[in-house]
Amino acid sequence: MPDASTWDWNPGKREVQDVGSWSDKFEWVEEFHASPDGEKVGAVVKTGEMEFTSCVNGEAWDEKFDRVFYSRFSPDGRLTGIAQSEGEWTLCVDGQNWPEMYGYIWDTKFGPDGSIICAVQQDMEYGMGVDGVLWEKFYENANNFSVAPDGKNTAAAVQVASTPQADIDLFQKGLYSVAVNGEAWDTVFMNCYTPVFDAESKRVACQVRRTLYDYTIAVDGKIWQREFQCVWDPCFNPVTGVVAAPVRLGGAWTMAQDGEVAWGKTFAQCWHQQFSADGNNLWAIVAPSFGKFTVAKNGDAWSVVSPVVVDLAVSPDGNRAAALGKDGYDYSVIVDGNRWSGSFAMAWKPVFSPDSSHVAAKVEKNGSFTVVLDGKPYSEEFDQCFEPVFSPCSQKVLIPAIKDGKFQRIVANVSDF
């Protein structure tokens, strides 16, 4: 991962690029993105008739394509884009293509070591590629692609055998498994969903559907010794390795760990759980009653509710959490069980400072964007801004933003809000 302590954290505003002038050089410009350190801005640009490429800080890539989309900066500041040429696709990284062209490529992900991972379709079979090196074995169906914390190991739910259309008997016997680095487990299930790795990038857990009516969790191919009416995505405790998953029993949802019910309370819904880094707290989005969602810590729910709650964020120390509430068309930010004043047309996942003392979120209101920190908006609004980043000391906030055609890099003190 990039060392944020090496970034420029001097407070103030600095213009990085006059992106408004790009329209003089290109037929059109779209999909602006900012690098994590705010020193680069990239976009897809049209350079001629059916001719596209990407531009970073005003410099276009040499190679041109029939189409470029899904631009993303890697954590170390390289711009990636999925590019099409003559009907085939590849991933272009800072202007350099992966070594081959593919039937299709999508869902770019990044590893902490700088690895870049994509889902790949080649000759109507599906798998994954890491830095252009594909799985040795592809499958006629693969989905729910997952990357390990080390950025080297990958997994997906895969179909391990062909089935004639409408062959329900064969489907019910089981056709799906999980492939890790392209190698499928020996066990097969009616369905598999959402494989996830443990903190050491070695073990894999996933949801499995054993019959038309029974669900459970499988870990490295071995199922829990208990079945449920339904289950959601599992996750590993980063310290103990215990697997937790929301489960439905008797028409209500609760949390189970290693096959046993772990919370004494039940909910109308329970999902998106997340362990704290020390493994001591398990947070989740829950619905104490139908249509009323909030956040729970170890099964104890906040009192504030919204019809929709999304984007749960847990503080680095594991003792605080934040999420977004949605009531009708309005978004709000909820932190530690309290809703910040004001509502927004859109809000993005909250971000905690490294010392867990501050929370910031990018928001949109009346067509303008800004950052709200601890409930207080920044003094300036922008035509576009990107997610804020706290300094390692937690006392400054980086706000990359575009206003009046200028891409700016702003470092604000927490006290400026």
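For reference, positions follow the sequence shown, starting with 1. Below, each value reflects all heavy atoms present in this structure, side chains not excepted, and no hydrogens, waters or symmetry copies.
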Tell me which pairs pass side chain to side chain donor-acceptor pair (under 3.5 Å) where either residue lies in residues 215-224, with sequence neighbours left out. Arg209-Tyr215
Is it true that Glu227 and Arg248 have a side-chain N and a carboxylate O under 4.0 angstrom from each other? no
Selection residues 91-101 - residue pairs positive for side chain to side chain donor-acceptor pair (under 3.5 Å), sequence neighbours left out: Glu63-Asn97
Partners meeting side-chain contact (heavy atoms from CB on, under 4.5 Å) with Glu200 (sequence neighbours left out): Asp198, Lys202
Show the nearest heavy-atom pair for residues Ser356 and Ser315, with the distance to one decimal. OG-CB, 3.7 Å
What class does the angle between the rings of Trp185 and Phe189 fall in, given that below 30° is parallel, 30 to 60° is tilted and above 60° is perpendicular? perpendicular
Working for ring pair (Phe, Tyr, Trp, His ring centres under 6.0 Å), residues Phe145 and Trp106: CA-CA 10 Å; Phe145 300 97; Trp106 73 101; 5.6 Å; yes
Which heavy-atom pair separates Val310 from Ile285 by the least distance, and what is that distance? CA-CD1, 3.9 Å
Closest non-hydrogen atoms of Met255 and Cys270, given as atom of the first, atom of the second and distance, are CE-SG, 3.7 Å
Do the ring planes of Trp9 and Trp7 sit parallel (below 30°), tilted (30 to 60°) or perpendicular (above 60°)? parallel
Just by distance, with hydrogens left out, do Asn141 and Asn143 show a side-chain donor and acceptor under 3.5 Å apart? yes
Contacts of type side-chain hydrogen bond (donor to acceptor under 3.5 Å, both in side chains), residue Ser357, not counting sequence neighbours: Asp355
Does atom CZ (Arg339) have a neighbourhood of more than 12 heavy atoms from anything else shown, all under 6.0 Å? yes
Determine whether the aromatic ring centres of Phe228 and Trp253 lie less than 6.0 Å apart. no
Quick check: does any side chain N or O of Ser85 sit under 3.5 Å from a backbone N or O of Phe65, one acting as donor and the other as acceptor? no
Trp89: partners by side-chain hydrogen bond (donor to acceptor under 3.5 Å, both in side chains), with sequence neighbours left out: none
Indicate yes or no: does Glu380 engage Lys403 in a salt bridge with an N to O separation below 4.0 Å. yes
When you check the gap from the basic side-chain N to the acidic O, do Arg14 and Glu39 get nearer than 4.0 Å? yes
Give the ring-plane orientation class for Trp271 versus Trp232, where under 30° counts as parallel, over 60° as perpendicular and anything between as tilted. tilted
Does a donor on one side chain sit under 3.5 Å from an acceptor on the other, for Asp327 and Ser306? yes
Does a side-chain N-to-carboxylate-O contact under 4.0 Å join Asp37 and Arg409? no
Kindly give the heavy-atom pair with the smallest separation between Ile105 and Cys118, and that separation in Å. CG1-CB, 3.6 Å
Can you sort out the partners of Asn280 under side-chain hydrogen bond (donor to acceptor under 3.5 Å, both in side chains), two or more places apart, ordered by chain and number? Asp278
Does a donor on one side chain and an acceptor on the other come within less than 3.5 Å for Thr211 and Asp214? yes
